[in-house]
Amino acid sequence: MLRSIRASLKRANNSASSPSPQLLRRSYSSESAPERKVAVLGAAGGIGQPLALLMKLNPLVSHLSLYDIAGTPGVAADVSHINTRSEVAGFVGEEQLGKALEGSDIVIIPAGVPRKPGMTRDDLFNINAGIVKSLCTAIAKYCPNALVNMISNPVNSTVPIAAEVFKKAGTYDEKKLFGVTTLDVVRAKTFYAGKAKVPVEGVNVPVVGGHAGITILPLFSQATPKANNLSGEDLMALTKRTQDGGTEVVEAKAGKGSATLSMAYAGAIFADACLKGLNGVPDVVECSYVQSSITELPFFASKVRLGKNGVEEVLGLGPLSDFEKQGLESLLPELKSSIEKGIAFANQG
Ligand SMILES: NC(=O)c1ccc[n+]([C@@H]2O[C@H](COP(=O)([O-])OP(=O)(O)OC[C@H]3O[C@@H](n4cnc5c(N)ncnc54)[C@H](O)[C@@H]3O)[C@@H](O)[C@H]2O)c1
Ligand SMILES: O=C(O)C[C@H](O)C(=O)O
């Protein structure tokens with residue numbers, strides 16, 4: 001079971017760009033891997049718990065720090081019994097946040113409220129913006145050099161909030177702040193493979209833009225392997241399903257939250273890519289929402305090469321179909337206003 005989860009994590013490392021056989025072969029054993037501390041903030045939640053489990057299974061992690069406002073002692077005690085490399089520590093309440101963060105190489109943030117049916121991600125802004133702001137203030141103080149993997153929604157705004165908090169604290173490094181959009185890639189791969197009837201393990205689809213509705217733009221024209229059996233209508237339907245993937249789960253859960261298990265998987269894939277980059281593994285490429293100059297917007301999701309300092313290179317969009325060019329035009333105003341909303345919030349008061 002454990003072996004198959006690890007194998008699946010490894011397989012999923014065939015990133016949004018073409019899979020690098022070298023990357024797939026170069027996984028570290030715990031004996032050779034450097035010490036790496038990963039902190040999960042919101043670790044007792046729907047995403048946090050399975051994410052804690054998946055990070056405990058990752059041999060690149062030596063210290064796993066689980067923080068929440070409640071419930072982490074139990075989660076940490078539970079996960080700590082798994083016989084894998086990392087030492088696990090649970091921290092609860094604001095007074096323990098500093099200890100939870102100190103020395104972290106990566107901080108993953110799934111803290112905050114999830115959607116209920118009928119809500120947009122932006123409806124979460126009023127609660128989650130404050131949570132993210134206070135957590136990022138603590139990150140700036142206790143582990144200013146950590147890579148930050150932002151999962152809390154609305155990602156289109158929470159990433160700009162984090163950037164502003166770090167700027168104010170004098171610790172901002174644009175190479176180290178990531179909005180986690182991996183779930184969009186995971187969905188695009190799954191839906192494409194199903195429709196094209198190709199084995200999902202070998203599928204790659206870049207997803208660009210942001211992480212809400214039409215700002216999620218899968219580039220199926222660049223999907224590999226190429227599928228000649230898909231019509232223009234099929235590609236439009238796949239695009240819509242990817243954009244509405246989160247809502248599909250929210251409705252199916254009928255008031256009991258949003259995607260947690262698939263998100264934990266996606267979060268674990270992205271954190272693993274960050275760890276590999278930090279450890280010097282070459283050609284680690286994932287899509288992520290980062291500071292960017294490939295469009296006129298200051299933040300944008302695209303393929304990103306990860307390295308020892310975080311973002312090594314923000315890769316361009318590549319050739320787009322007419323349908324995708326239109327999608328790009330349409331998403332820019334919404335993404336712009338979500339970014340501005342985040343920046344304004346962070347700078348008020
Ligand atoms: N980026 C993505 O693709 C993606 C996917 C799914 C969900 N999400 C988002 O992730 C967030 C969490 O979702 P969930 O289903 O795990 O929710 P959840 O309610 O199950 O868990 C959230 C956890 O955050 C904790 N929390 C609240 N305030 C905190 C604080 N100040 N410090 C530390 N922890 C705090 C809560 O106690 C809870 O345990 C939501 O905002 C959701 O929209 C993002
Ligand atoms: O849809 C949501 O609210 C959660 C998340 O952003 C998702 O894409 O599943």
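Indexing begins at 1, ligand by ligand and atom by atom, following the structure's order.
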message: If you measure every N or O of Val180 against every N or O of ligand 1, does any of those distances drop under 3.5 Å?
response: yes
At under 4.0 Å between heavy atoms, what of Met263 touches ligand 2? The answer is neither
Treating Ser134 as the side-chain partner and Ile131 as the backbone partner, does any N or O pair qualify as donor plus acceptor under 3.5 Å?
yes
Enclosure of Glu94 CD (heavy-atom neighbours >12, cutoff 6.0 Å): no
A student comparing Thr72, Val250, Asp68, Asn128 should find that the heavy atom closest to atom 25 (C) of ligand 1 comes from Asp68
Numbered in order shown, the ligand 1 atoms found under 4.0 Å of a heavy atom of Thr260 are 15 (O)
protein heavy-atom neighbour closest to atom 6 (O) of ligand 2 works out as His211 NE2, 2.5 Å
Near Ala259 (heavy-atom distance under 4.0 Å), the atoms of ligand 2 are 9 (O)
- Task: Would you kindly say whether Ser86 and Arg36 are connected by a side-chain donor-acceptor distance under 3.5 Å?
- Result: no
**Prompt:** Looking at side-chain heavy atoms only, is the closest gap between Leu177 and Phe166 below 4.5 Å?
**Reply:** yes
Within 4.0 Å of some non-hydrogen atom of Leu124, the atoms of ligand 1 are 43 (O)
protein heavy-atom neighbour closest to atom 5 (C) of ligand 1 works out as Met263 SD, 3.2 Å
So does Lys253 have more than 12 non-hydrogen atoms from other groups sitting under 6.0 Å from NZ? yes
N/O of Asn153 under 3.5 Å from N/O of ligand 1, yes or no?
-> yes
Atom 19 (O) of ligand 1 sits nearest the protein heavy atom Pro114 CD, 3.5 Å
Logged contact type for Asp184 with ligand 1, heavy-atom cut-off 4.0 Å, is neither
Gly257 to ligand 1, any heavy atom closer than 4.0 Å:
no
>> I want to know if ligand 1 touches Gly112 in the polar sense, i.e. an N/O pair below 3.5 angstrom.
In response: yes
Under 4.0 Å from one or more heavy atoms of Ala259, ligand 1 contributes atoms 6 (C), 7 (C)
Handout entry: Donor on one side chain, acceptor on other, His211 and Asn156, under 3.5 Å
Key = no
Is it true that the side chains of Ser221 and Glu324 contain a donor and an acceptor less than 3.5 Å apart?
yes
Under 3.5 Å between some N or O of ligand 1 and some N or O of Gly46? yes
- Message: If you count heavy atoms of other groups shown closer than 6.0 angstrom to NZ of Lys341, is the number above 12?
- Response: yes
- Does even one non-hydrogen atom of Leu183 get within less than 4.0 Å of ligand 2? yes
Heavy-atom proximity to atom 35 (C) of ligand 1 ranks first, among Gly71, Ala111, Gly245, Gly45, for Ala111
At under 4.0 Å between heavy atoms, what of Val155 touches ligand 2? The answer is neither
Numbered in order shown, the ligand 1 atoms found under 4.0 Å of a heavy atom of Val155 are 1 (N)
Any heavy atom of His211 under 4.0 Å from ligand 1? The part involved is side chain
| task | Applying side-chain hydrogen bond (donor to acceptor under 3.5 Å, both in side chains), run through Lys56 and Thr84 and close with a yes or a no. | result | CA-CA 7 Å; Lys56 176 69 176 129; Thr84 55; 3.0 Å; yes
The protein heavy atom nearest to atom 1 (N) of ligand 1 is Ile151 O, 3.1 Å
Going by the 4.0 angstrom heavy-atom rule, the piece of Arg187 near ligand 2 is side chain
If you scan protein heavy atoms around atom 3 (O) of ligand 2, the nearest is Arg115 NE, 2.6 Å
**Prompt:** Has the side chain of Asn128 got a donor or acceptor atom that lies under 3.5 Å from a matching backbone atom of Ser152?
**Reply:** no
Q.
I'd like to know whether OH of Tyr142 has more than 12 heavy-atom contacts from other residues, nucleotides or ligands below 6.0 angstrom.
A. no
For atom 12 (C) of ligand 1, the closest protein heavy atom turns out to be Pro110 O, 3.1 Å
Thr247 to ligand 2: N or O pair under 3.5 Å? no
Per-atom filter on ligand 2: closer than 4.0 angstrom to a heavy atom of Gly246 are 1 (O), 7 (C), 8 (O), 9 (O)
*asked:* Please check: side-chain N/O of Gln291 versus main-chain N/O of Phe299, any donor-acceptor pairing under 3.5 Å?
replied: no
Note: ligand 1 atoms sitting under 4.0 Å from heavy atoms of Tyr67 are 32 (N), 33 (C)
min-distance protein heavy atom vs atom 13 (O) of ligand 1 -> Ile47 CD1, 3.4 Å
*Electrostatic pair Arg115:Asp123 at N-O distance under 4.0 angstrom*: no
Does any N/O atom on Val113 come nearer than 3.5 Å to any N/O atom on ligand 1?
yes
Is it the case that more than 12 heavy atoms not belonging to Lys336 sit under 6.0 Å from its NZ atom? no
**Message:** salt bridge (Lys or Arg N to Asp or Glu O under 4.0 Å), that's the test. Do Lys303 and Glu286 meet it? Break it down for me.
**Reply:** CA-CA 5 Å; Lys303 285 197 272 188; Glu286 287 290 335; over 6 Å; no
For this session: May I ask whether Ala70 places a heavy atom under 4.0 Å from ligand 1?
Result: no
**Report entry** Atom CD of Glu313 with >12 non-hydrogen neighbours under 6.0 angstrom
**Finding:** yes
Atom 31 (N) of ligand 1: closest protein heavy atom, distance to 0.1 Å, is Ile131 CG2, 3.6 Å
Is Lys167 close enough and on-axis enough to Tyr172, meaning under 6.0 Å and within 45°, for cation-pi? yes
Review point. If you draw a 6.0 Å radius around CD1 in Ile294, do more than 12 non-hydrogen atoms from other residues or ligands fall strictly inside?
Key: yes
